[in-house]
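Note that the structure is a prediction, hence the values are computed from the model and not measured.
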Amino acid sequence: MRVFKFGGASVKDAAGVKNMVKVLQTVGHENTLIVVSAMGKTTNALEIVIKNYFENKAELQSSIQEVKKYHNEILLDLFEHDRHEVFKKVNKLFDELGSFFKRSKSPDYNFVYDQVIGYGELVSTVIISAYLQHIGMDNLWIDVREFIKTDNYYRRANVNWFVTQKQMTERFNPKTLNITQGFLGSDDNNFTTTLGREGSDYTAAIFAYCLNAESVTIWKDVPGVLNADPRYFENAQLLNKISYREAIELAFYGASVIHPKTLQPLQGKEIPLYVKSFLKPENAGTMVGKGIGIEPNVPCFIVKKNQVLIKMSSLDFSYIVEENISEIFKLLHHYKMKVDVIQNSAISFSVCVDNIYNNLEKLLQHLKAKFQITHYENVSLYTIRHYDTQALKSIEADKTVLLKQLTQETVQIVTK
């Protein structure tokens with residue numbers, strides 16, 4: 001069995017859905033599981049819906065209607081008339097969404113987020129499954145929440161591997177074309193959970209691991225894994241082959257092509273991962289596998305925008321030792337800060353974090369009780385794997401460097 005993952009960019013409109021069919025016809029679709037993200041920018045649109053629910057209820061219904069209208073236009077482009085049963089299925093999902101807002105009393109943003117945001121994936125897969133059936137490509141639509149079970153850490157849930165494996169072993173039919181949602185799971189109370197932004201890649205890896213798939217293919221709008229994000233760097237090169245370890249390093253530092261959690265389960269069972277272009281499915285793309293190094297061996301550039309650099313020093317010039325560092329990390333964990341870089345000296349400690357949950361002010365107030373604090377918001381973190389002198393110069397040119405850290409293979413630079 002193979003696992004394919006198609007992201008939102010690949011199915012952003014009717015033409016994208018039809019192109020997905022061409023990909024399946026080109027590479028085959030027997031004994032295949034397709035994991036699909038929300039269409040286009042639907043996740044962003046649903047985030048506006050959630051924001052309106054909490055902050056501007058007068059605009060709530062109109063923002064929901066915008067999402068519904070977007071999907072109806074795709075439906076009308078795919079099906080010759082609006083009497084097809086898929087229209088009713090999509091309407092029912094939007095009715096469910098509206099009902100949730102009417103009955104929900106929860107003030108917990110993260111809980112509400114997870115109950116709402118997954119409708120993007122549910123709607124997209126219902127549409128795609130119906131279209132494939134419509135053109136004679138038999139398939140089975142499955143609800144991923146019945147298979148991937150997690151804890152209730154909303155917006156970044158942790159997989160319960162034992163229960164998930166049991167569900168897949170007992171209930172999954174690998175002998176057909178299956179369509180399911182990326183990004184989603186459910187907790188013990190059957191509330192929807194999410195695996196973190198861009199978590200659809202991880203979904204594909206979870207299924208592949210539990211079902212012993214022969215491979216996972218992530219279909220992107222780029223030729224494969226590049227040595228740099230072409231949105232920020234010129235002359236990005238295709239990496240033909242990379243090892244699991246190298247890919248995990250790149251993902252950890254923030255490479256956008258592969259989700260950080262995706263590679264760990266695949267490495268555990270040595271399941272190869274392919275990253276290919278849905279525009280040119282016949283091309284080889286990038287293969288991630290066991291012990292193949294990196295080819296070609298060139299510097300790899302990663303940038304993370306909108307980071308926060310926090311510099312701490314002791315109030316009385318005493319050493320910052322294990323006890324202080326332990327306390328700092330407890331606070332970072334408590335306020336759900338994702339740590340990207342740390343650097344310390346005898347009396348100072350610096351950390352670059354991703355303020356995902358908007359807890360920065362609370363964290364700073366807590367830290368100021370014991371440390372002298374300087375912080376910089378909206379900084380950029382550059383990471384270069386396999387760096388050389390020219391690569392360093394290209395990043396530092398015309399920027400204010402706030403922090404720099406080098407190891408044998410990797411350099412990280414925080415700039416303003």
Side-chain angles (χ1 to χ4, degrees), residues 106-114 149-162 185 187-189 191 193-199 202 248-249 251-254 259-264 302 304-383 402-407 410 412-414 416:
S106 176
D108 183 344
Y109 178 88
N110 297 324
F111 171 77
V112 171
Y113 184 97
D114 275 12
K149 306 301 288 187
T150 73
D151 62 12
N152 61 357
Y153 195 119
Y154 297 112
R155 294 184 70 194
R156 200 186 289 177
N158 300 293
V159 175
N160 183 327
W161 286 95
F162 177 79
D187 63 17
D188 289 342
N189 294 313
F191 287 119
T193 57
T194 60
L195 305 176
R197 199 70 188 267
E198 308 299 333
Y202 188 34
I248 287 171
E249 291 279 0
F252 173 79
Y253 290 117
H259 190 274
K261 293 181 181 177
T262 299
L263 295 153
Q264 292 157 350
I302 302 155
K304 297 181 79 172
K305 303 282 189 177
N306 302 315
Q307 304 293 290
V308 180
L309 179 64
I310 305 171
K311 294 190 173 186
M312 293 162 260
S313 57
S314 53
L315 295 171
D316 58 1
F317 289 95
S318 59
Y319 292 141
I320 292 185
V321 292
E322 292 86 349
E323 182 182 349
N324 308 110
I325 294 173
S326 175
E327 183 176 3
I328 291 168
F329 270 93
K330 283 180 182 177
L331 289 171
L332 291 168
H333 175 72
H334 177 73
Y335 289 111
K336 300 180 180 179
M337 294 289 180
K338 185 182 181 302
V339 176
D340 292 312
V341 184
I342 60 171
Q343 188 177 85
N344 68 290
S345 66
I347 59 172
S348 68
F349 185 91
S350 297
V351 59
C352 187
V353 298
D354 198 344
N355 182 28
I356 298 171
Y357 290 87
N358 296 316
N359 288 329
L360 179 62
E361 290 305 317
K362 295 176 185 176
L363 172 65
L364 293 177
Q365 287 302 318
H366 213 139
L367 289 171
K368 285 176 181 177
K370 291 197 174 182
F371 302 97
Q372 183 175 329
I373 302 294
T374 303
H375 81 283
Y376 304 86
E377 298 184 46
N378 299 317
V379 299
S380 296
L381 169 62
Y382 291 90
T383 303
L402 301 173
L403 182 148
K404 184 176 179 179
Q405 187 160 272
L406 293 88
T407 63
T410 307
Q412 291 190 282
I413 304 169
V414 179
K416 197 174 175 182

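Taking CD1 of I325 as the reference point, atom CE of M312 lies at 9.5 Å (rounded to 0.5 Å). One distance of note links CD of Q343 with OG of S348; it measures 7.5 Å at 0.5 Å rounding. For the atom pair K311 NZ and N344 CG, the distance stands at 13.0 Å (nearest 0.5 Å). Here the CD1 atom belonging to I320 is positioned 5.5 Å from the CZ atom belonging to F371, to the nearest 0.5 angstrom. The distance from the NZ atom of K362 to the CD atom of Q365 is 11.5 Å, given to the nearest 0.5 Å. For the atom pair F349 CZ and N324 CG, the distance stands at 10.0 Å (nearest 0.5 Å).
Remark: aromatic rings of F191 and F111 are close, center separation under 6.0 Å.
Nearest heavy atoms, L402 versus Y376: CD1-CG, 4.0 Å. The nearest pair of heavy atoms linking K149 to D187 is NZ-O, 3.5 Å. Closest non-hydrogen pair, V414 versus V379, comes out as CG1-CG2, 3.7 Å. I302 and G254 make their closest contact through CG2-C, 3.5 Å (heavy atoms, listed as atom of the first residue, atom of the second, distance). Between N359 and Y335, the closest heavy-atom pair is ND2-O, 3.0 Å. Counting all heavy atoms, side chain and backbone alike, K370 lies closest to E327 at NZ-OE2, 3.2 Å.
Taking the side chain to side chain donor-acceptor pair (under 3.5 Å) definition, one finds that N306 meets it with nothing, sequence neighbours left out. By the side chain to side chain contact (heavy atoms under 4.5 Å, CB included) test, E361 pairs with L364, E377, sequence neighbours left out.
For the pair K304 and F252, the NZ or CZ position fails the cation-pi test of under 6.0 Å to the six-membered ring centre and within 45 degrees of the ring normal. With Y357 as the aromatic partner, R156 does not meet the cation-pi criteria of under 6.0 angstrom to the ring centre and within 45 degrees of the ring axis.
Without hydrogens or angle criteria, T262 side chain to Y202 main chain gives a donor-acceptor distance under 3.5 Å. Checking side-chain atoms of Q307 against main-chain N and O of K305 turns up a donor-acceptor pair under 3.5 Å. The closest donor-acceptor contact from the side chain of D151 to the backbone of N158 lies under 3.5 Å. Checked by atom type and distance alone, the side chain of Q412 never pairs as donor or acceptor with a backbone atom of L381 at under 3.5 Å.
Side-chain contact check for K261 versus L195: every heavy-atom pair is 4.5 Å or farther apart. Side-chain contact between D340 and T383 is absent, with no heavy atoms from C-beta onward closer than 4.5 Å.
The 12-atom threshold is exceeded at NZ of K368, counting heavy atoms of other residues, nucleotides or ligands nearer than 6.0 Å. Within a 6.0 Å sphere centred on NE2 of H375, other residues, nucleotides and ligands contribute more than 12 heavy atoms. Within 6.0 Å of the CD atom in Q405, the count of heavy atoms belonging to other residues, nucleotides or ligands exceeds 12.
For the side chain to side chain contact (heavy atoms under 4.5 Å, CB included) with M337, the qualifying choice from I356, N355, L331 is N355, the only one to do so.
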### Task
List the steps, then state whether side-chain contact (heavy atoms from CB on, under 4.5 Å) holds for L309 with V341.
CA-CA 9 Å; L309 179 64; V341 184; over 6 Å; no
### Task
Using the side-chain contact (heavy atoms from CB on, under 4.5 Å) rule, take I347 and S313 through it: C-alpha gap first, then chi angles, then the decisive distance, then the call.
CA-CA 6 Å; I347 59 172; S313 57; 5.6 Å; no
### Task
Before giving the answer on side-chain contact (heavy atoms from CB on, under 4.5 Å), spell out for D188 and N152 the whole-Å C-alpha distance, their side-chain angles and the decisive distance to 0.1 Å.
CA-CA 8 Å; D188 289 342; N152 61 357; over 6 Å; no
### Query
Do L332 and V353 pass the side-chain contact (heavy atoms from CB on, under 4.5 Å) test, and can you show the C-alpha distance, the side-chain angles, and the key distance before you say yes or no?
CA-CA 9 Å; L332 291 168; V353 298; 4.1 Å; yes
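If you check the side chains of T193 and D114, you find no donor sitting under 3.5 Å from an acceptor. Between the side chains of D316 and S318, at least one donor-acceptor pair of N or O atoms lies under 3.5 Å.
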